[in-house]
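What follows is a short report on a single structure.
Chain letters run A, B, ... following the sequence lines, proteins first and then strands; every chain starts at 1.
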There are 2 protein chains.
Amino acid sequence: MHVAVDCLIFGFDDNELKILLFKRRVRPAVGKWSLIGSFVQLDEDVDDAAGRVLAEITGLKDVFLEQLGCYGQANRDPGFRCISLAYFSLIRITEYDRELVQRHGASWHSVSKIPELVFDHGQMVEDALKKIRIEARHRPIGFELLREKFTVPQLQSLYEEIYARPLDPRNFRKKILSFGILNKLDEKDMTTSRRGAFLYEFNRRKYVQLSQTGFDFEIK
Amino acid sequence: MHVAVDCLIFGFDDNELKILLFKRRVRPAVGKWSLIGSFVQLDEDVDDAAGRVLAEITGLKDVFLEQLGCYGQANRDPGFRCISLAYFSLIRITEYDRELVQRHGASWHSVSKIPELVFDHGQMVEDALKKIRIEARHRPIGFELLREKFTVPQLQSLYEEIYARPLDPRNFRKKILSFGILNKLDEKDMTTSRRGAFLYEFNRRKYVQLSQTGFDFEIK
DNA sequence: CCAAAAGTGTTACACGTACACCCATGA
DNA sequence: TCATGGGTGTACGTGTAACACTTTTGG
């Protein structure tokens, strides 16, 4: 039986959650949109295969990469029997290697307008978004998608995009700062307003402390 | 590459959460404790393979059965390269076929005292318990483990077992009844006290209504 | 009448939610 | 000086958490 991994690579740009999609170059379904994947090598851990695909496309290593699940319907690939292990990754769009991506015929698509995808890849995307929305409530998953330095309004618009609904700026700021996992910097981001917005960075050490005692990241 | 499914079958009895384990009869590691599994057939959906294994052992169909994840380290099985898709199931211990289970050399083990398991099966059990604890907070997962008719104290002790901590009986009863998904019956269970405890049944229709609008099952 | 489990209410506090105005700045 | 996004505080209601006694009935 053939065993493949498929990678769902998410990024955040222009206040939109985006996913990296590819024009298929191999049969069947040449020219259709799909996720990118690869077969798992005989001497390779499945997790490593996913990491390899991600690195080949984006040049990134050691980023958020998590197993989504196994897609294993007998008839899912019309060619031959093949099961796929879907992985999803959250990356900083600013850090990926644009040249590598272009060479693979990839492009970013807003998750609110995803074209038709081959096989069961559409289902994978749907499942991944569901999982991201759930996980975002229990840990600060979103930080993986922002730059090292970010403003509170940027963080808010990311959460608004993930939850697909508007959030109150006062309540959002109060809650997010109350966790004590953000360090306020002396710099301001002047690109989006005349007044400028203070930049923050994520304090990973404090977060680890907090998550061990168990905390709820839910924001309403 | 070989592709297998392994089933984690959980039940609830004597106020303890239990898992069905097997004495291995095939090489390698004959005589060691393990989960039960099977290879996925070429023309078989992976989900169906898990259902088949569950039915072969317990005689049960159409019960709670969910994918846990893929365990795919290259060296996980010392024999040959094999990835495993772990599934976990929650069953009513009273409904399984004891004869079938005995014929397969299986026995129930409290999750608080699990023997050493072959390969990465111990990791699977650990991961499944973690997932059950998380899922129990978002939907009434526990009902799959109780009989059709059950008392509030029974339900409470199940939740105490899943969360591994005591709960306040007044708060528990108040919260669980406030969801409106339990039907009180006219019967009493007289087996655990002189006074007897009223039996309830789960109102699946009301639950579906409620879960569509999204609700939080968390109990503190 | 005693033991043992079932069942019930209230109060204090924390947290979530709703809501409107001033601030800082570049153009 | 004005337009634009950034930033702040409070009051109210809901829900959680803590807590002790009465009820029932078989032995």
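The CG-C1' distance, from B:L155 to C:dG7, rounds to 15 Å in whole Å. When rounded to the nearest whole Å, the span between CZ of B:F198 and C1' of C:dA5 equals 14 Å. Nucleotide D:dG7 holds its C1' atom 15 Å from the CG atom of A:D189, rounded to whole Å. Taking atom CD1 of B:I176 as the reference point, atom P of C:dT8 lies 15 Å away to the nearest angstrom. One atom, CD of B:E160, and another, P of C:dA5, lie 14 Å apart when rounded to the nearest Å. Per the geometry, CD belonging to A:Q156 stands 14 Å off C1' belonging to D:dT8, to the nearest Å. To the nearest angstrom, P of D:dT8 lies 19 Å from NZ of A:K175. Across the protein-nucleic acid pair, B:F172 atom CZ and C:dT8 atom C1' stand 16 Å apart, rounded to whole Å.
Listed by chain and number, the residues in a ring pair (Phe, Tyr, Trp, His ring centres under 6.0 Å) with B:F198 amount to none (sequence neighbours excluded). Judged as a side-chain contact (heavy atoms from CB on, under 4.5 Å), and not counting sequence neighbours, the contacts of A:S193 are A:R195. Residues passing the side chain to side chain donor-acceptor pair (under 3.5 Å) test with A:D189 are A:Q154, A:T191, sequence neighbours excluded. In this structure B:K149 satisfies the side chain to side chain donor-acceptor pair (under 3.5 Å) test together with B:E187, sequence neighbours excluded. By the ring pair (Phe, Tyr, Trp, His ring centres under 6.0 Å) test, A:Y96 pairs with A:W108, sequence neighbours left out. With sequence neighbours excluded, no residue satisfies side chain to side chain donor-acceptor pair (under 3.5 Å) with A:E144.
Sorted by first and then second residue, the side chain to side chain donor-acceptor pair (under 3.5 Å) pairs with a member in residues 11-23 of chain A read A:N15-A:S157; sequence neighbours excluded.
By the 4.0 Å N-to-carboxylate-O rule, B:E126 lies too far from B:K130 to be salt-bridged with it.
Looking only at atom types and distance, the side chain of A:Y71 has a donor-acceptor partner in the side chain of A:D127 under 3.5 Å away.
In the set D:dG6, D:dG7, C:dA6, the nucleotide with an atom closest to the side chain of A:R173 is D:dG7.
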Checklist line | Base-contact (B) and sugar-phosphate-only (S) positions in nucleotides 18-27 of chain D, heavy-atom cut-off under 4.0 Å, - elsewhere | finding: BBB--BBBBS
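Comparing A:T192 and A:K184 by the nucleotide of DNA chain D that holds the closest heavy atom to each, the one mapping nearer the 5' end is A:T192.
Helix-axis bend for the helix from C:dC1-D:dG27 to C:dA27-D:dT1: the local axis fitted to the five terminal pairs at one end deviates from that at the other end by 10°, rounded to 10°.
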